[in-house]
Each structure stands twice: as C-alpha cells, then as structure tokens.
Amino acid sequence: MILRELAHARTGDKGDISCVSVIAYDMADYPRLMQVVTVERVAAHFAGIAKGPVRRYELPGIGALNFVLKGALGGGVTRSLALDAHGKCLASLMLELDIPADAGSS
C-alpha cells in the first residue's frame, strides 16, 4: 500500500522551505498516519531533495500532518532554476511513501 490510498497532500513554500501537508481521507486512518509517516521516514524519502532538517507538526482536529522540509527548493523560487521552483510536485512524491502492511490499520 502507498500513502495516496489513505491520504491526499498539499504543498506550500516560503523561501527555501517546502511545507507538505498529508491529510487523511478518513479520520479513522489518522492514528495509522501518525504511526508510519514519521520524520525519519519522510527525511529518508526526501533525502536527495531536502538538504536541511525535517519537522512534523500534528493537526489531529483535521486529521493532518504538516512536514516542513528545509533546504528543499534549491535556494527558493527566485534563486532556483528548477522546473518546479515552488515544489508543488513534492505532494505527489510524498504520496508515494510506502505504508507497511503490518502497520496499524483502521
């Protein structure tokens, strides 16, 4: 299973920082997301992209996790030569994260 089966994602940017929010389709899956979508797994998933630390913020009231990826945008929109300078494709990349079969299910 991959993350996109349990959640959708949105991105935002500020300078060289990308914020990727993961929002559960079903609130019953939020505890599972909290268990498996960890800072360590996200940092490893974005290892070639995020050059700085990754932080996670929990928003249980809306069933979401917000990840802040520092150093993920090649210096920022006005400095980057990347085709996706705003990092909008990072939401799709996040949703490719593997969800282990033995992880707590809803």
Side-chain angles (χ1 to χ4, degrees):
M1 170 182 284
I2 58 174
L3 184 55
R4 80 174 60 254
E5 296 175 53
L6 298 175
H8 61 100
R10 301 278 303 182
T11 60
D13 65 277
K14 191 67 171 177
D16 198 20
I17 299 170
S18 181
C19 296
V20 183
S21 294
V22 175
I23 307 102
Y25 292 128
D26 184 335
M27 287 294 284
D29 289 322
Y30 182 67
R32 186 177 190 186
L33 295 180
M34 294 220 0
Q35 178 187 1
V36 299
V37 188
T38 63
V39 168
E40 295 78 19
R41 292 195 72 221
V42 170
H45 192 63
F46 286 98
I49 296 170
K51 307 300 183 202
V54 174
R55 295 187 92 168
R56 181 175 95 167
Y57 296 91
E58 300 166 1
L59 298 108
I62 59 172
L65 300 172
N66 186 42
F67 291 89
V68 177
L69 290 76
K70 293 194 174 183
L73 298 175
V77 174
T78 59
R79 301 178 89 193
S80 175
L81 297 177
L83 293 175
D84 182 19
H86 291 276
K88 297 302 181 187
C89 68
L90 298 181
S92 288
L93 180 59
M94 175 71 89
L95 293 175
E96 293 298 315
L97 186 70
D98 181 58
I99 302 297
D102 62 347
S105 59
S106 57

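Quick note: residue numbers are just sequence positions, from 1. Heavy-atom basis, side chains included; hydrogens, waters and symmetry copies ignored. Quick caveat: nothing in here was measured; it's all calculated off a predicted structure.
- By the salt bridge (charged side-chain N to carboxylate O under 4.0 Å, His left out) test, Arg56 is found to be paired with Glu58, residues two or more places apart in sequence or in another chain being considered.
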Could you walk me through whether Leu93 and Val20 satisfy the side-chain contact (heavy atoms from CB on, under 4.5 Å) test, starting with their C-alpha distance in whole Å, then the side-chain angles of each, then the deciding distance to 0.1 Å, before giving a yes or no? CA-CA 10 Å; Leu93 180 59; Val20 183; over 6 Å; no
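- Think of Leu59 as one node in a network of Ile, Leu, Val, Met, Phe, Trp and Tyr side chains linked at under 4.5 Å; its network also takes in Ile62.
- Partners of Arg10 by side chain to side chain contact (heavy atoms under 4.5 Å, CB included), not counting sequence neighbours, listed by chain and number: Ile23.
- A continuous path of hydrophobic side-chain contacts links Leu3 to Ile49 [ILVMFWY only; heavy atoms under 4.5 Å].
- For Glu40, the salt bridge (charged side-chain N to carboxylate O under 4.0 Å, His left out) criterion is met by no residue, not counting sequence neighbours.
- Every residue two or more places apart in sequence or in another chain that forms a side-chain hydrogen bond (donor to acceptor under 3.5 Å, both in side chains) with Glu96 is listed here: Arg4.
- Residues Arg41 and Pro100 have side chains in contact (heavy-atom distance under 4.5 Å, counting atoms from C-beta outward).
- Within the structure, the salt bridge (Lys or Arg N to Asp or Glu O under 4.0 Å) test picks out no pair touching residues 64-73 (sequence neighbours left out).
- The ring-ring contact (aromatic ring centres under 6.0 Å, His included) contacts involving residues 34-57 comprise nothing, where partners must be two or more places apart or lie in separate chains.
- Taking the side chain to side chain contact (heavy atoms under 4.5 Å, CB included) definition, one finds that Met1 meets it with Glu5, Leu6, Arg32, Ile99, sequence neighbours left out.
- Minimum heavy-atom separation, Cys19 to Val68: SG-CG2, 4.0 Å.
- The cluster map of Ile, Leu, Val, Met, Phe, Trp and Tyr, joined by side-chain heavy atoms under 4.5 Å apart, puts Met34 and Phe67 in the same cluster.
- One hydrophobic cluster holds both Leu69 and Val36 under the rule that ILVMFWY side chains link at heavy-atom gaps under 4.5 Å.
- Sorted by first and then second residue, the pairs that involve residues 16-37 and meet ring-ring contact (aromatic ring centres under 6.0 Å, His included), not counting sequence neighbours, are His8-Tyr25.
- Scored by the side-chain hydrogen bond (donor to acceptor under 3.5 Å, both in side chains) test, Asn66 finds Ser21 as partners (sequence neighbours excluded).
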